[in-house]
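First comes the structure, then the notes that go with it.
Predicted model only: the values in this text are computed from it and were never measured.
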Amino acid sequence: MNAIQETNFNFEDQTAFYRGKVRDVYTIAHKYLAMVASDRISAFDVVLPKPIPYKGQVLNQIAAKFLKATEDIIPNWVVSVPDPSVTIGKMCEPFKVEMVIRGYLSGHAWREYSAGKRSVCGETLPEGLKENDKLPEPIITPTTKAAVGHDEDISRTAILAQGIVSEADYIQLEKYTKALFQRGTEIAAERGLILVDTKYEFGKKDGEIILIDEIHTPDSSRYFYAEGYAERQASGEPQKQLSKEFVRKWLIENGFQGKDGQQVPEMTDEIIKSISERYIELYEHIVGEKFVYPDQEDVLNRVERHVSQALKELKY
């Protein structure tokens with residue numbers, strides 16, 4: 001199948017290139033970033049050996065739609081989306097924290113809570129909560145952005161004490177984070193979903209705070225199905241999730257959690273096809289529109305042509 005494993009383009013006025021876990025990022029004229037959402041897939045901090053067709057398009061298009069739907073709250077980095085798998089945006093100085101916000105006690109926060117902790121990133125949690133319970137109010141649990149390996153929890157107090165972000169900027173980041181989460185929650189509810197938790201990344205350009213990276217995608221967020229949520233909570237059943245948790249589950253069932261000495265299970269054509277179909281299902285559920293398959297042109301030729309054309313139209 002036509003999938004983007006990696007790109008090795010050389011665009012006019014290209015000044016840098018960086019290959020992340022799942023994205024290839026081209027810096028143009030020290031001013032813009034052309035970000036290619038590849039079809040690579042990572043889990044447990046490991047990039048799996050085979051790409052998942054359309055995964056990059058799914059994430060790029062969900063992010064593009066949510067960035068558009070929140071630009072009245074905060075300006076964002078996007079200049080154009082010239083290809084289903086590419087976003088071109090303004091280069092800026094990123095803040096060195098990710099703003100994680102949680103409306104429910106799930107994932108990492110639940111693991112901390114079940115281990116006996118009643119404070120996460122300086123936020124106090126009440127006694128008597130169960131996994132996936134709604135929190136009294138959404139809480140912000142920031143992490144420091146690690147260049148390599150895992151991000152680390154950090155409190156608001158520590159961020160300010162260490163001078164990672166100024167107090168004035170941090171107050172603004174908190175306001176934006178809460179407003180974005182509220183908007184994401186409202187949009188999710190229209191689709192019969194609950195936005196459980198998510199993360200936002202911000203940067204600064206010419207003294208202005210802007211929203212960067214992807215938002216509200218199944219890779220950066222956790223969603224539950226709203227229908228039956230209360231009943232499942234009451235009976236102690238696991239919640240129905242709309243996320244890439246199914247990939248992690250498949251890996252765990254096949255003896256892989258990214259630990260030393262473990263082998264990634266064989267990714268058969270059947271497994272790849274089923275993961276691809278699940279990502280398309282995620283897209284249609286989160287966005288509320290049918291997924292549009294791109295033309296059957298060679299995907300790398302298409303991406304290169306679309307990006308080159310878009311860069312010609314940019315003023316720099």
Checklist line | Validation row: Asn76, Ile210 side chains within 4.5 angstrom (heavy atoms) | finding: no
Note to self: Just verifying a value: how many Å separate Asp213 CG and Met35 CE, rounded to the nearest 0.5 Å?
What the structure shows: 6.0 Å
Next item on the list: Say whether Ile280 and Ile272 are linked into one hydrophobic cluster, either directly or through other cluster members, by side-chain heavy-atom distances under 4.5 angstrom.
Entry: yes
Check: What about Leu195 and Leu282, same hydrophobic cluster or not, with Ile/Leu/Val/Met/Phe/Trp/Tyr joined at side-chain heavy-atom distances under 4.5 Å?
Finding: yes
Next item on the list: Please examine the side chains of Pro218 and Leu59, heavy atoms only from C-beta on, and report whether any two atoms are closer than 4.5 Å.
Entry: yes
Note to self: Less than 4.0 angstrom from a charged side-chain N to a carboxylate O is my criterion; do Glu289 and Lys65 meet it?
What the structure shows: yes
Checklist line | Atom pair CG (Asn8) and CG (Leu300), whose distance is rounded to the nearest 0.5 Å | finding: 9.0 Å
Note to self: Nearest 0.5 Å, please: how far is CD in Glu71 from CG in Leu211?
What the structure shows: 11.0 Å
Margin query: Which heavy atom of Phe66 sits nearest to which heavy atom of Thr70, and what is that distance?
Written below: O-OG1, 2.8 Å
Check: Got more than 12 heavy atoms from elsewhere within 6.0 Å of NZ, Lys134?
Finding: no
Check: Taking Arg118 for the side chain and Tyr113 for the main chain, is one N or O donor matched with an acceptor at less than 3.5 Å?
Finding: yes
Notebook entry, point to check: Do Ile187 and Phe224 sit in the same hydrophobic cluster, where Ile, Leu, Val, Met, Phe, Trp and Tyr count as joined when their side-chain heavy atoms come under 4.5 Å apart?
Noted result: no
Note to self: What's the separation between atom OG1 in Thr143 and atom CE in Met99, rounded to the nearest 0.5 Å?
What the structure shows: 10.0 Å
Notebook entry, point to check: Is Ile194 reachable from Tyr283 through a run of I, L, V, M, F, W or Y residues, each pair having side-chain heavy atoms under 4.5 Å apart?
Noted result: no
Notebook entry, point to check: Are the side chain of Asp39 and the backbone N or O of Ala3 linked by a donor-acceptor pair below 3.5 Å?
Noted result: no
Notebook entry, point to check: What pair of heavy atoms forms the shortest contact from Ile88 to Trp77, and how long is it?
Noted result: C-CZ3, 4.2 Å
Next item on the list: Tell me, with the steps shown, if Ile252 and Phe44 meet side chain to side chain contact (heavy atoms under 4.5 Å, CB included).
Entry: CA-CA 10 Å; Ile252 291 166; Phe44 302 115; 3.7 Å; yes
Margin query: Under a 3.5 Å cutoff, is there a donor and acceptor pairing between the side chains of Asp153 and His108?
Written below: yes
Notebook entry, point to check: Can you tell me how far CD1 of Ile212 sits from NZ of Lys204, rounded to the nearest 0.5 angstrom?
Noted result: 13.5 Å
Notebook entry, point to check: Nearest 0.5 Å, what's the OG1-CG distance between Thr185 and Leu180?
Noted result: 10.5 Å
Item checked: side chain to side chain contact (heavy atoms under 4.5 Å, CB included) evaluation trace for Asp13 with Leu311 -> CA-CA 9 Å; Asp13 296 321; Leu311 292 178; over 6 Å; no
Check: Any chance the side chains of Glu131 and Gln239 put a donor and an acceptor closer than 3.5 Å?
Finding: no
Notebook entry, point to check: What heavy-atom pair brings Pro75 and Glu208 nearest, and what distance separates the two atoms?
Noted result: CG-OE2, 3.6 Å
Check: Taking atom types as modelled and ignoring hydrogens, do the side chains of Thr141 and Arg102 form a donor-acceptor contact shorter than 3.5 angstrom?
Finding: yes
Check: Do Thr268 and Glu270 get their side chains close enough for a donor-acceptor pair, meaning under 3.5 Å?
Finding: no
Next item on the list: Taking the side chain as every heavy atom from C-beta outward, state whether Cys92 and Phe202 have any atom pair closer than 4.5 Å.
Entry: no
Margin query: If we ignore hydrogens and angles and just use 3.5 Å, is the side chain of Thr7 paired with the main-chain N or O of Phe9 as donor and acceptor?
Written below: no
Check: Is any NZ, NE, NH1 or NH2 atom of the basic residue among Arg302 and Glu297 found under 4.0 Å from an Asp or Glu carboxylate oxygen of the other?
Finding: no
Check: Crowded around Glu227 CD? As in, over 12 foreign heavy atoms under 6.0 Å?
Finding: no
Check: Side-chain contact, heavy-atom cut-off 4.5 Å: Ile154 with Gln162?
Finding: yes
Notebook entry, point to check: For His216 and Tyr223, which heavy atoms make the closest approach, and how far apart are they?
Noted result: O-OH, 2.8 Å
Next item on the list: Test side chain to side chain contact (heavy atoms under 4.5 Å, CB included) on Glu98 and Glu201 and set out the steps.
Entry: CA-CA 5 Å; Glu98 291 186 352; Glu201 296 186 44; 3.1 Å; yes
Item checked: Tyr279 side chain vs Gln57 backbone, donor-acceptor pair below 3.5 Å -> no
Next item on the list: Would you mind reporting whether Phe181 and Ile140 have side-chain heavy atoms less than 4.5 Å apart?
Entry: no
Check: So, for His285 and Tyr225, which heavy atoms are closest and what is the spacing to 0.1 Å?
Finding: CE1-CE2, 3.3 Å
Check: Do Val22 and Ile41 touch side chain to side chain, with heavy atoms closer than 4.5 Å?
Finding: no
Note to self: So which atom in Ala37 and which in Asn60 form the shortest heavy-atom distance, rounded to 0.1 Å?
What the structure shows: CB-CB, 4.1 Å
Check: How are the rings of Phe291 and Tyr293 set relative to one another: parallel (under 30°), tilted (30 to 60°) or perpendicular (over 60°)?
Finding: perpendicular
Notebook entry, point to check: Would you call Arg305 and Asp83 a salt bridge, taking side-chain N to carboxylate O under 4.0 Å as the test?
Noted result: no
Notebook entry, point to check: Are any side-chain N or O atoms of Ser85 and backbone N or O atoms of Gly56, one a donor and one an acceptor, separated by less than 3.5 Å?
Noted result: no
Notebook entry, point to check: Quick one: does Lys96's side chain get under 4.5 Å of Ile159's, heavy atoms only?
Noted result: no
Item checked: Sidechain-backbone polar pair: Gln262 side chain, Gly258 backbone, donor-acceptor under 3.5 Å -> yes
Check: Are any side-chain N or O atoms of Ser276 and backbone N or O atoms of Pro53, one a donor and one an acceptor, separated by less than 3.5 Å?
Finding: yes
Notebook entry, point to check: Do Tyr104 and Tyr229 have their ring centres less than 6.0 Å from each other?
Noted result: yes
Next item on the list: Identify whether the distance between the nearest side-chain nitrogen and carboxylate oxygen of Glu253 and Lys249 falls below 4.0 Å.
Entry: yes
Note to self: With a 4.5 Å cut-off on side-chain heavy atoms, are Tyr200 and Tyr176 touching?
What the structure shows: no
Note to self: Please check this pair: side chain of Ser166 against backbone of Asp169, looking for a donor-acceptor N/O pair closer than 3.5 Å.
What the structure shows: yes
Check: So, does Arg40 use its side chain to make a donor-acceptor pair with the main chain of Gly20 at under 3.5 Å?
Finding: yes
Check: Is Leu160 linked to Ile171 within one hydrophobic cluster, defined over Ile, Leu, Val, Met, Phe, Trp and Tyr using a side-chain heavy-atom separation of less than 4.5 Å?
Finding: no
Notebook entry, point to check: Is atom CG of Asp72 surrounded by more than 12 heavy atoms (other residues, nucleotides or ligands) closer than 6.0 Å?
Noted result: yes
Checklist line | Heavy-atom donor-acceptor pair, Asn254 side chain to Trp250 backbone, under 3.5 Å | finding: yes
Check: What do the steps show when you test Arg23 against Thr87 for side chain to side chain contact (heavy atoms under 4.5 Å, CB included), and what is the final call?
Finding: CA-CA 11 Å; Arg23 280 180 291 196; Thr87 298; over 6 Å; no
